[in-house]
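Throughout, a chain's letter reflects where its sequence line sits, starting with A, and its residues are numbered from 1.
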Amino acid sequence: MEIRLFNSWSDQIESFTPIQPGQVSLYVCGPTVYDFVHIGNMRPVVVFDVLRRLFEYLGYQVTYVSNYTDIDDKIIAKAMSEHRSEREVAEFFITAYEDNVNRINSKLPTATPRVTEFVSEIVAYIKGLVDKGAAYVVDGEVFFQVSSIPDYGHLSHMKTDDLIVGARVEESGKKKSPLDFFLWKKTEKGLSFDSPWGKGRPGWHTECAVMIDSIFKEKIIDIHGGGFDLKFPHHDNEIAQSLAQHGTRLANIWMHNGFINLNDDKMSKSTGNILTAKDALATIGGPALRLMLLSTHYRLPVNFNQSFLETARAEVNKMTAAIKQLAVTLQLAGRDIEGRYPLLIDDFIKALADDLNTSNALTSVYDLIKLAHRSLRENKPDYERMGSYFFTLKTMFHILGLDINYPRLTEDDRSLFERYQAKKAARDYEGSDPLRTELIRRNIL
RNA sequence: GGUUCCUUAGCCAAGUGGUAAGGCAAUUGACUGCAACUCAAUGAUCGUCGGUUCAAUUCCGAUAGGAACCUCCA
C-alpha cells in the first residue's frame, strides 16, 4: 500500500518511503507543561495518533517520540508564584496532559522524553555547534548563528533579508543578528543547570533537535510533525541545527496540522476565547471531540461551534447504535464476535493513505453503517456478512481511535432479551416494556 | 512590508478539466403497540470578474471577504 503524505519541506504530496524498511520514526513537538492545555493542543495528539495507527495497521513498527518541555521561563514563573518546584509544576501538568490524551483515546507515544533528562546531551550538542563555528558564546549564553546556514528558512519560505526587515523582535545587544536564537540561556532565578558557559537552561529550539539526535539511531528521521505555527521559527531552527551538526535536514517529511478556532476566532487567553482540553472532554466527550477533529482534513483549520458539536454527537450516536445492533444480533444468533471475519476496508485505508484523508475515511464508515443496517433488516439475515460488517467497523474505529464499544452478552442478558422478544411477539406490551427498559439500561437495546 | 492558506447547499465537508461524495439538520413517505433506531425520497449554476480550453467548480490572472506565521502560541 502506497502512503502519500504532504511534505511541508517540498510543498508537495510525496510517496512515503521509510528509511528502514518496515519501520517508521516519528517525532512530534509536545507541550510546554506550565498550564492546562487547550483543545488546539489536542489536534496533533489526534492527527499523529491516527497516522501512527495507520502505519501500525499496515504492519510498520512505529517509534513515536514526543517531548515535554519541562523547563522554561513560564514554568519557572509558575513555580515561583505557587511556591512549588519546577519539577512539581511540570509533573502536575504532565499528568493532566496525559489524562487528556487518554480520554481522547490517543495512545501515548512510545517515548515521552523531558528536557531536564537530556541536559547533558544538550550541552554536548551545543558544544559541537560551537566547535563547528555555527554557534557563538557571549557572556555565559550561547547563540546559534543563522547566517552559517545558507538555506536558512527553507521550510517556511522565509528569506533572511525579509525577516530582518520585518523583524518585530527587539535586538538583543548580545546577538550578532536578530535572527540568531538561544541555544543556552543564562538564568539567574529558578531551576538551572551547570554548563561550560555557566548556570542556565537549554533554549527551546535546541531540545527537539537534540532528542531526535539522541533517541533515534539515524541522523535523519522519517517524519517530524507539529502545529503550523511551529514551522517558523521553531522547525526551521531545528533544521538549521541539524544541518550544522550533521548536514541533514532532520526529517525527510515535515507535517503540520492546522489550528482550531472557537466560534470563528482564534483561541486566545487574553480575550478569554478559550476552551481547555479537560473542559471540552468533560462536556463534549472523547469520541465526539475526536470526531470533530477528524471530520476536517488535518491541514485545514477547523472551527468549533455549537451546531458542529451537535452534529458530532449525532454521528457518534449513529456509530454506537450500528455497532451495538450488529454485536447484539450476532451474539443472539450464536456467532463469535471476537473472531475474525473478512474485511471490507480497502476504500477506508486508501483514503487514509492519501495524506490522511479522514473525511473520506469517514465516508467509508457511513457507507458501511448503511450496509450494516440493511443487512440487519433482512428477513433472512446473512450472519457471515453481518459479521464481516461488524469486524470491519470495529477495525475502522480502532484505526481512527474512536472509542466506541459494543456489549458482550452474558447468559442473563441473553435470556432477558429472549423473554423481551417473546412477550413482545405475544403483544404483551405491559410485560415487555419493563424488560425493554432494563435492556436499554444495560446498553443492549 | 515579507511568506502561506481558505471561500462548495442552513451547518460540517470531500472532490475532479467533461456538467458536484458523504454526514448533520429540515420536509415527505415506509417500518412500528408507543418510543428510539433504521430505510427511502427531496436541496448547490462550487465568492465575484476576466482569460486559456471543444469543455472549468477544478488551470491562469485580477478582485472581494476571511485566516495564519514573521512574538518560546498546537
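- Taking the P atom of each, B/U58 and B/U19 are spaced 15 Å apart, rounded to whole Å.
- In this entry the distance linking CD1 of A/Ile71 with P of B/C72 reads 17 Å, nearest Å.
- Between A/Asp180 and A/Lys174 there is no salt bridge, since no side-chain N of the basic residue sits under 4.0 Å from a carboxylate O of the acidic one.
- A straight line from CZ of A/Arg374 to P of B/A40 spans 5 Å, rounded to a whole angstrom.
- Separation of the C1' atoms belonging to B/U38 and B/C31 is 8 Å when rounded to the nearest angstrom.
- Distances shown here put every side-chain N or O of A/Lys424 at or beyond 4.0 Å from the OP1 or OP2 atom of B/G33.
- Not counting sequence neighbours, A/Lys424 has no partner by the salt bridge (Lys or Arg N to Asp or Glu O under 4.0 Å) test.
- Distances from the side chain of A/Asn257 to the nucleotides B/A74, B/U4, B/A25 place B/A74 closest.
- Nucleotide B/A35 forms no Watson-Crick or G-U wobble pair with any nucleotide shown, as no partner meets the under 3.5 Å limit on both distances.
- Contacts between residues 32-40 of chain A and RNA chain B, defined by a heavy-atom separation below 4.0 Å, involve A/His38, A/Gly40, listed by number.
- Nucleotide B/A20 forms a pair with no other nucleotide shown, judged by Watson-Crick or G-U wobble geometry with both contacts under 3.5 Å.
- Separating the CG atom of A/Leu230 from the P atom of B/U4 is a distance of 19 Å, rounded to the nearest angstrom.
- Of the nucleotides present, none pairs with B/U52 by Watson-Crick or G-U wobble criteria with both distances under 3.5 Å.
- Across all their heavy atoms, A/Ser359 and A/Ser295 have their closest contact at OG-O, 2.9 Å.
- Residues A/Phe182 and A/Phe144 keep their aromatic ring centres 6.0 Å or farther apart.
- Per the geometry, CE belonging to A/Met158 stands 14 Å off P belonging to B/A68, to the nearest Å.
- Interface remark: the A/Asp265 side chain does not form any donor-acceptor pair with the B/G66 base, using a distance-only criterion of under 3.5 Å.
- Atom CE of residue A/Met42 and atom CG of residue A/Leu293 lie 9.0 Å apart, to the nearest 0.5 angstrom.
- At B/C70, none of the side-chain N or O atoms of A/Lys231 fall inside 4.0 Å of OP1 or OP2 (strictly under the cut-off).
- The listed nucleotides are B/A74, B/C70, B/G22; the one nearest the side chain of A/Phe259 is B/A74.
- Between A/Lys324 and the phosphate of B/C37, there is no side-chain N or O to OP1/OP2 separation shorter than 4.0 Å.
- Taking the ring centroids of A/Tyr298 and A/Phe48, they lie at or beyond the 6.0 Å cut-off.
- The residue among A/Arg436 and A/Cys29 whose nearest nucleotide of RNA chain B is located toward the 5' end is A/Arg436.
- Nearer to the 5' terminus of RNA chain B, by closest-nucleotide assignment, is the contact made by A/Leu371 (compared with the other of A/Gly203 and A/Leu371).
- Remark: the backbone N or O of A/Arg114 is paired with a side-chain donor or acceptor of A/Glu117 at under 3.5 angstrom.
- As the counterpart of B/G1, B/C70 is assigned, both hydrogen-bonding distances of the Watson-Crick or G-U wobble pattern falling under 3.5 Å.
- Residue contacts shown for A/Arg377 include a base, since a base heavy atom lies under 4.0 Å away.
- Rounded to whole Å, atom P of B/C24 lies 10 Å from atom CE of A/Met319.
- In this entry the distance linking CG of A/Leu376 with P of B/U32 reads 17 Å, nearest Å.
- Looking at heavy-atom distances under 4.0 Å, A/Tyr366 makes contact with sugar-phosphate atoms alone, never a base.
- In this structure, A/Phe181 and A/Thr206 have side chains that are not in contact, with every pair of non-hydrogen atoms separated by 4.5 Å or more.
- Set against B/C37, B/C24, B/G33, the side chain of A/Lys318 has B/C24 as its closest nucleotide.
- For A/Phe232, counting side-chain heavy atoms from C-beta on, the closest listed nucleotide (B/U38, B/A21, B/C69) is B/C69.
- Using C1' as the reference atom, B/G15 and B/A21 are 7 Å apart when rounded to the nearest Å.
- Spacing between atom CG of A/Leu352 and atom C1' of B/G22 amounts to 15 Å, rounded to whole angstrom units.
- Taking atom P on both nucleotides, B/A9 is separated from B/C46 by 10 Å, rounded to a whole Å.
- The same atom, C1', is picked in B/U8 and in B/G22; the two are 14 Å apart, to the nearest Å.
- Rounded to whole Å, the separation between the C1' atoms of B/A20 and B/A44 comes to 8 Å.
- Base-pair partner of B/G47: B/U63 (Watson-Crick or G-U wobble, both distances under 3.5 Å).
- Within the shown strands, B/U28 is the pairing partner of B/A40 under the Watson-Crick or G-U definition, both distances less than 3.5 Å.
- Salt bridge present: A/Asp139 and A/Lys186 bring a charged side-chain N and a carboxylate O closer than 4.0 Å.
- Annotation: A/His205 is not in aromatic contact with A/His235 [ring centroid separation under 6.0 Å not met].
- Of all heavy-atom pairs spanning A/Leu402 and A/Asn105, the tightest one is C-ND2, 4.1 Å.
- As rounded to the nearest Å, B/G17 and B/A56 have P atoms that lie 14 Å from one another.
- A side chain to side chain donor-acceptor pair (under 3.5 Å) with A/Ser8 holds for exactly one of A/His154, A/His256, A/His157; it is A/His256.
- Between the P atom of B/C70 and the OH atom of A/Tyr152 lies a distance of 11 Å, rounded to the nearest Å.
- Nucleic acid contact class of A/Gly258 (heavy atoms, under 4.0 Å, all strands): base.
- Here A/Gln325 lies in heavy-atom contact (under 4.0 Å) with sugar-phosphate atoms only.
- Using cut-offs of 30° and 60° for the angle between ring planes, the A/Tyr152 and A/Phe232 rings count as perpendicular.
- If you take atom C1' in B/U4 and the same atom in B/A25, they sit 35 Å apart, rounded to whole Å.
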ask   = Reading nucleotides 6-15 of chain B from the 5' end, what letters show protein touch, with B for base, S for backbone sugar-phosphate only, - for no heavy atom under 4.0 Å?
value = S----SSSSS
